[in-house]
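I have placed the structure first, in the form of structure tokens, so that the comments after it can refer back to it.
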Protein chains: 2
Amino acid sequence: MTEHVSLALSAAERSCRSKGLALTPVRKRVLQLLLESQAPVKAYDLLAALKPGGGAQPPTVYRALDFLTRAGLVHRIEALNAYTACLHADGHGSAELYICEDCGQVEERHRKISGEAGPGGFLISRSVIEHYGRCSDCASAQASA
Amino acid sequence: MTEHVSLALSAAERSCRSKGLALTPVRKRVLQLLLESQAPVKAYDLLAALKPGGGAQPPTVYRALDFLTRAGLVHRIEALNAYTACLHADGHGSAELYICEDCGQVEERHRKISGEAGPGGFLISRSVIEHYGRCSDCASAQASA
DNA sequence: CTCCGGGATGTTATATTGTTGCGCCAAGGG
DNA sequence: CCCTTGGCGCAACAATATAACATCCCGGAG
């Protein structure tokens, strides 16, 4: 396990403990798999990675993802049906994601939007913001090609 | 058919003709169903509405939706797996959607984001922006309840 | 006119993604 | 001890989406 992964895992454990949430082995393992991946991971790929023998069933991974998402440790990427670990473990509300279509890397920026007002008095409770394109590395690689 | 629906349909026909696109009967019917709905519609609901006898198959509606989306006449709502007619038929790039979780109505604002730069030189080609919450009507109804 | 080619649609089957429902078990409070 | 509660295993299924191939129709080339 690389260092940043174990660091993030212990941070997650502390965060959960402080909120009275149980970071059980299954949940921790799912989070670890997401942290180790450079790119977003699909639920069924996590499932396959969880139990190579094929023993794990869908609800296992979906329940873990649901927990991790609600705990603010993981983001679901709506347009890809995929998941990525949240690197800013403070978990305050909505994130804005920049997803490179070349290398799959996800950059994350936080905006506090919840509670803000949209047009005509619309009251926002949750936002999905996903930008697709090329990260600077891939953009320059492409330009030079 | 209410007036705004027929107006939108003729606008769509003109728009397609000017671009050399074929707004065939199936495509037009799907667009009409979306225009008539107050809320986003799922692909399989469209399918059921298309041919009450159950004769239509999934590819029919998915192909129509693909065409309409690429023509800028329809938006896909990623977090709902649903579709809604685009009311600003000019179809310039990304839309920002405000989706009321009470009544289902979708408000639409346009931002031209494509080509803009994100953090660290990220080059955006397409954005998904969906805000969930309550429209002003539903927010005030709730407040008074 | 005939033939050909491309786009649109029909048809069948399958892949992918996500959920429901039930039961077991272990931890903790009375 | 008993009972509740939350987490997990398990089986089945529901919902969403695509692949692959056949057919039809129309418009242009010969």
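Order of the sequence lines sets the chain letters (A, B, ...), proteins ahead of strands, with each chain counted from 1.
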Exercise for review: Find the distance B:Leu68:CG to C:dA8:C1' and express it as a whole number of Å.
Suggested key: 13 Å
Point to revise | Integer-rounded Å distance: C:dG18 C1' and A:Leu46 CG | key: 14 Å
Review point. Does B:Ser15 use its side chain to pair, donor to acceptor, with the backbone of B:Ala11 at less than 3.5 Å?
Key: no
Check your understanding: Rounding to a whole Å, what distance do you find between B:Leu65:CG and C:dA8:C1'?
Key -> 15 Å
Exercise for review: Please examine the side chains of B:Tyr83 and B:Val41, heavy atoms only from C-beta on, and report whether any two atoms are closer than 4.5 Å.
Suggested key: no
**Study point:** Donor-acceptor contact present, side-chain B:Glu130 to main-chain B:Ile77, <3.5 Å
**Key:** no
Exercise for review: Could you tell me the separation between the CD atom of A:Gln57 and the P atom of C:dT20, rounded to a whole number of Å?
Suggested key: 17 Å
Check your understanding: With no hydrogens and no angle check, is any side-chain donor or acceptor of A:Glu78 less than 3.5 Å from a backbone partner on A:Val128?
Key -> no
**Study point:** Main-chain N/O of A:Leu34 paired with A:Ser37 side-chain donor or acceptor, under 3.5 Å
**Key:** no
Exercise for review: Please state how far atom CG in A:Asp66 lies from atom P in D:dG6, giving the value in whole angstrom units.
Suggested key: 14 Å
Anything under 3.5 Å between a protein N or O and an N or O of nucleotides 15-22 of chain D, put it in a table, one pair a line.
unit_1 : atom_1 : unit_2  : atom_2 : d
D:dT16 : OP1    : B:Lys42 : NZ     : 2.5
D:dA17 : OP1    : B:Arg76 : NH1    : 2.8
D:dA17 : OP1    : B:Arg76 : NH2    : 2.7
D:dA17 : OP2    : B:Tyr62 : OH     : 2.9
D:dA17 : O5'    : B:Tyr62 : OH     : 3.4
D:dA17 : N7     : B:Tyr44 : OH     : 2.8
D:dA17 : N6     : B:Tyr44 : OH     : 3.4

Check your understanding: Looking only at side-chain N and O atoms, does B:Thr60 come under 4.0 Å of OP1 or OP2 in C:dT9?
Key -> no
Practice item. Starting at atom CG of A:Leu50, determine the distance to atom P of D:dC8, rounded to an integer number of angstrom. Key: 11 Å
Review point. Counting only N and O atoms by type, is there a donor-acceptor contact under 3.5 Å from the side chain of A:Arg27 to the main-chain atoms of A:Ala22?
Key: yes
